[in-house]
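Comments concern the structure below.
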Amino acid sequence: KAGVTQTPRYLIKTRGQQVTLSCSPISGHRSVSWYQQTPGQGLQFLFEYFSETQRNKGNFPGRFSGRQFSNSRSEMNVSTLELGDSALYLCASSLRQGRSYNEQFFGPGTRLTVL
Amino acid sequence: GENVEQHPSTLSVQEGDSAVIKCTYSDSASNYFPWYKQELGKGPQLIIDIRSNVGEKKDQRIAVTLNKTAKHFSLHITETQPEDSAVYFCAARGYTGTASKLTFGTGTRLQVTL
């Protein structure tokens, strides 16, 4: 079974631009979570989607948004990019959502550099 | 919300020795504690997890222990090998109402030397 895939793997943008990252979960998984990883802040939760609905959100500004499609694929968008948005953006998929014991499997990440 | 602390931040051991990484969490309602290994240029890989109704779990050279009373859990790697060198993250699933999320520790860079 194929793992979580993320595209693109690398992106370079300039301040003020916007960017869209894509994530395809493991087949059959319906929950997708996004994380930002930086050397200073570590792994920070952005949001979780399940059945095309955002179920949980971390403490990030409204410039960070996401969505999930009917096939469980997910995208996240960052508008008006800032230098501090440079990070590795990780997508994780799991079978279920919520209070169940939910193993999350991560993709390889998208490395975003903002110049 | 949940807060997870992880120690040490770096750990160097000789091949064949054991390595122990410790984490504490703050939310007594947390019920799921995974450990991830992240190699350079890759996403975190789930290596073992434990649920709050279990005190210990072992998978070959890797074991995790959980002390719910003290709110801490540990990763034990025995007979370390050079390929164990990586950054290890602990995490806890905490809850806000019915929504849950994984909160991660700050990571431990493990170096296994020959």
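Protein chains get the first letters and strands the later ones, always in sequence-line order, with residue 1 at the start of each. What you are looking at is a predicted structure, and each value in this text was computed from that prediction instead of being measured.
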Does a sphere of radius 6.0 Å around NZ in A/K57 hold more than 12 heavy atoms from other residues, nucleotides or ligands, not counting ones at 6.0 Å or beyond? yes

Given heavy-atom pairs under 4.5 angstrom as the criterion, report whether the side chain, backbone, both or neither of [X] touches chain B.
X	result
A/L43	both
A/Q37	side chain
A/R111	neither

If the threshold is 4.0 Å, N to carboxylate O, is there a salt bridge linking B/R61 and B/D84? yes

When you check the gap from the basic side-chain N to the acidic O, do A/E75 and A/R67 get nearer than 4.0 Å? yes

Of the backbone (N, CA, C, O) and the side chain (C-beta and beyond), which part of [X] lies under 4.5 Å from a heavy atom of chain A, both, or neither?
X	value
B/P34	neither
B/Q45	neither
B/K42	backbone

Is the shortest heavy-atom distance from the side chain of A/F64 to the side chain of A/W34 under 4.5 Å? no

Looking at A/R15, A/R63, A/K13, which hits salt bridge (charged side-chain N to carboxylate O under 4.0 Å, His left out) with A/E82? A/R63

